[in-house]
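A, B, ... follow the sequence lines: proteins, then strands. Residue 1 opens every chain.
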2 protein chains.
Amino acid sequence: MKDVAARAGVGLKTVSRVVNGEPGVTPDTVRRVQESIDALGFRRNDSARVLRKGRTASIGLVLEDLADPFYGPMSRAVEEAARAHGALLIHGSSAEEPDREQELVLALCARRVDGLVIVPASDDHRYLEPEIAAGVATVFVDRPAGRIDADVVLSDSFSGARDGVAHLIAHGHRRIGFIGDRPRIHTATERLRGYRTAMAEAGLRVDDSWVALGSTEPERVRATACAMLDGAGQPPVTALFCGNNRVTVTVVRVLNGRVRPVALVGFDDFELADLLSPGVTVIAQDAAQLGRTASERLFRRLDGASDAPSHFLLPTRLIPRGSGELPPPADAL
Amino acid sequence: MKDVAARAGVGLKTVSRVVNGEPGVTPDTVRRVQESIDALGFRRNDSARVLRKGRTASIGLVLEDLADPFYGPMSRAVEEAARAHGALLIHGSSAEEPDREQELVLALCARRVDGLVIVPASDDHRYLEPEIAAGVATVFVDRPAGRIDADVVLSDSFSGARDGVAHLIAHGHRRIGFIGDRPRIHTATERLRGYRTAMAEAGLRVDDSWVALGSTEPERVRATACAMLDGAGQPPVTALFCGNNRVTVTVVRVLNGRVRPVALVGFDDFELADLLSPGVTVIAQDAAQLGRTASERLFRRLDGASDAPSHFLLPTRLIPRGSGELPPPADAL
DNA sequence: CTGAAAGCGCTTACAG
DNA sequence: CTGAAAGCGCTTACAG
């Protein structure tokens with residue numbers, strides 16, 4: 001910038017004015033400065049700008065896994081909001097590890113992002129208190145914040161799961177298995193609670209062997225599903241409820257290799273669910289809406305809103321496609 | 001930092017040393033400074049650091065659409081590489097619009113990212129020349145750079161498409177349709193070239209109505225596929241080759257609603273392709289490897305490599321699953 | 001309409 | 001082992 005000013009024979013401030021399109025510069029001066037900028041290949045350094053202005057016009061998005069299709073529409077919604085507000089998006093995965101989440105979030109804070117959208121892997125976010133106090137707008141999405149009071153946007157996991165399990169019960173099932181994500185994850189325990197509530201409301205017993213929380217790795221899900229379907233020494237389950245899309249996809253593969261039909265309802269919709277045979281009945285959540293709601297909240301805070309942290313609960317929707325409407329086999333009743 | 005130094009009764013430089021874990025500070029001093037940092041809730045401002053050091057330890061990733069599942073594994077691979085090198089990832093979508101690509105890329109350059117990984121939407125990247133000259137390492141992936149010489153990592157679209165179409169021909173098809181992405185997109189025209197080559201090598205004629213490049217929007221793909229399958233006044237095609245995963249998914253939906261079986265091979269693998277009936281035969285490319293190769297190249301440049309721009313061409317793999325092995329109907333020969 | 005001075009929060013190069 | 005000075009490249013607040 002110094003060089004540009006020297007070459008154009010003007011002051012630093014005038015170059016700054018031209019670069020930022022500020023008014024109050026003679027057209028002729030503008031031309032001279034512009035020529036000088038082009039000749040020298042000048043490119044404004046936003047780091048220096050940030051240092052003076054305070055705001056970086058960037059927000060951080062931390063989620064579990066960039067490649068999980070569930071987060072695709074959510075990321076896009078956050079990106080669109082950022083773009084609409086002239087901000088850039090810094091994106092990172094926690095790989096579901098609390099330490100990695102914290103490391104990433106603090107790195108983003110050191111870069112002075114204006115705000116954060118976090119799908120938490122950790123259950124203790126007290127490490128964020130100084131950052132929030134220092135003005136970093138923070139919104140948690142998909143799962144709640146741990147041990148701090150903050151804005152949160154969730155899908156209604158409990159009601160969704162209860163609806164899904166009630167649907168299976170309405171179609172005649174009495175022995176229903178639940179396969180979900182690790183118990184540390186809030187959505188996993190909420191969906192399990194929905195399952196238990198639906199069963200209790202129907203006056204049905206839940207055998208311990210029908211419930212499995214754990215890693216969503218295909219190997220583990222496959223083994224779990226097979227155990228429930230083969231019913232070690234007792235009557236097997238006639239229906240399965242899956243806690244998220246990763247589990248559902250693996251269970252669909254398992255069922256595909258079996259002759260006896262098993263009813264299935266999965267939490268989360270996924271592409272092509274309608275083209276499988278049977279189509280997979282799901283509890284759909286609106287991932288894009290999750291992202292939109294969170295970003296809206298975030299940018300409202302950046303615009304100065306200082307009301308108490310809010311909690312949004314987005315409804316889910318049951319989409320019947322065939323797999324959830326299969327009756328139990330006649331000999332299983 | 002000034003406050004921390006004052007409170008601890010030391011100089012600025014000593015605080016800097018403690019914050020960065022540099023050696024040459026008495027344990028006792030370290031303790032005093034650390035206590036001061038904690039008490040004041042000090043958080044280092046990386047913007048200032050960047051301003052002095054020159055490097056930002058961040059890289060930009062620009063692609064078409066954050067929510068497209070094809071880019072998930074690629075993004076993850078780039079993120080892993082960034083993480084391994086202590087860099088953060090700034091992520092943005094071009095929405096396939098050249099202007100938006102340029103705007104985003106230049107914004108990333110103004111933030112002084114150390115490097116860029118770009119899936120280009122534009123076909124003219126001369127706007128990047130000053131940036132590259134100024135030292136921004138740049139690698140293009142999935143599609144080549146336009147009008148500049150730069151590092152490029154591609155899948156072998158031509159050979160992949162030729163293999164796929166030859167596969168259909170080997171299974172008896174003579175009238176094969178090609179539905180691809182917009183002609184502006186390099187992969188679309190390369191795959192079309194593969195199609196034409198395979199047809200020519202088999203001595204087969206290509207009717208103009210069998211080839212359609214254009215938007216991958218479901219409505220347009222659906223209409224195009226129906227026109228080819230109904231053969232306006234002439235014998236219909238007995239097989240379709242789809243130019244990418246978005247097209248394939250829509251065509252699978254179209255075929256699902258028809259009685260007459262039609263053979264299908266799609267470029268790009270996708271989740272659950274094997275569970276459809278019939279399973280969808282695809283030309284798979286390794287999206288994660290695309291990301292890994294590009295990042296490796298990028299970080300090698302950041303480590304000082306200054307050899308001529310290189311061009312990588314990654315092989316594709318035909319995965320037969322049923323849809324590509326369907327013979328033409330007996331009355332169609 | 002234009003510019004000189006001070007400062008954002010760090011690090012570099014140097015001296016003690 | 002420790003620190004004062006200068007500077008990274010901008011913008012702010014002010015004066016002309």
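Ion pairing of B:Glu22 with B:Lys13 is present here, as a side-chain N (NZ or NE/NH1/NH2) and a carboxylate O approach within less than 4.0 Å. Between A:Glu96 and A:Arg143, at least one side-chain N (NZ, or NE/NH1/NH2) sits under 4.0 Å from a carboxylate O, which counts as a salt bridge. One finds a salt bridge joining B:Asp307 and B:Arg301 here, because a Lys/Arg side-chain nitrogen approaches an Asp/Glu carboxylate oxygen to under 4.0 Å. Using a 4.0 Å cut-off between a side-chain N of Lys or Arg and a carboxylate O of Asp or Glu, B:Arg292 and B:Glu79 do not qualify as a salt bridge. A salt bridge is defined here as a Lys NZ or Arg NE, NH1 or NH2 lying under 4.0 Å from an Asp or Glu carboxylate O, and B:Asp3 with B:Arg7 fails to meet this definition. Salt bridge annotation for A:Arg300-A:Asp303: absent, with no cationic side-chain nitrogen under 4.0 angstrom from a carboxylate oxygen.
Sequence neighbours left out, the pairs with a member in residues 128-153 of chain A that pass ring-ring contact (aromatic ring centres under 6.0 Å, His included) are A:His125-A:Phe140. Here side chain to side chain donor-acceptor pair (under 3.5 Å) pairs that include residues 80-89 of chain B, with residues two or more places apart or in two chains, are A:Arg100-B:Glu80.
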*For DNA chain D, just give me the dot-bracket, please: Watson-Crick or G-U, both distances below 3.5 Å, ( ) intra-strand, [ ] crossing earlier pairs, | paired with another strand, . unpaired.*
|||.||||||||.|||

Let me check something: any side-chain donor-acceptor pairs from residues 112-124 of chain B under 3.5 Å, sequence neighbours excluded? List them with distances.
residue  : atom : partner  : partner atom : Å
B:Arg112 : NH1  : A:Arg44  : O            : 3.2
B:Arg112 : NH1  : B:Cys109 : O            : 3.2
B:Arg112 : NH2  : A:Arg43  : O            : 2.7
B:Asp114 : OD1  : B:Thr56  : N            : 3.0
B:Asp114 : OD1  : B:Thr56  : OG1          : 3.4
B:Asp114 : OD2  : B:Ala57  : N            : 2.8
B:Ser122 : OG   : B:Asp124 : N            : 2.9
B:Ser122 : OG   : B:Asp124 : O            : 3.0
B:Asp124 : OD1  : B:Arg126 : N            : 3.1
B:Asp124 : OD1  : B:Arg126 : NE           : 3.0
B:Asp124 : OD2  : B:Arg126 : NE           : 3.3
B:Asp124 : OD2  : B:Arg126 : NH2          : 2.6

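Toward the 5' end of DNA chain D, the nearer of the two residues A:Asp46 and B:Gly11, judged by each one's closest nucleotide, is B:Gly11.
With a cutoff of under 4.0 Å to any heavy atom of chain B, the contacted region of DNA chain D is bounded 5' to 3' by D:dC1 to D:dG9.
Between A:Asn45 and B:Leu51, the closest heavy-atom pair is ND2-CD1, 4.3 Å.
Less than 4.0 Å separates DNA chain D from at least one heavy atom of each of the following residues of residues 12-35 of chain A: A:Lys13, A:Ser16, A:Asn20.
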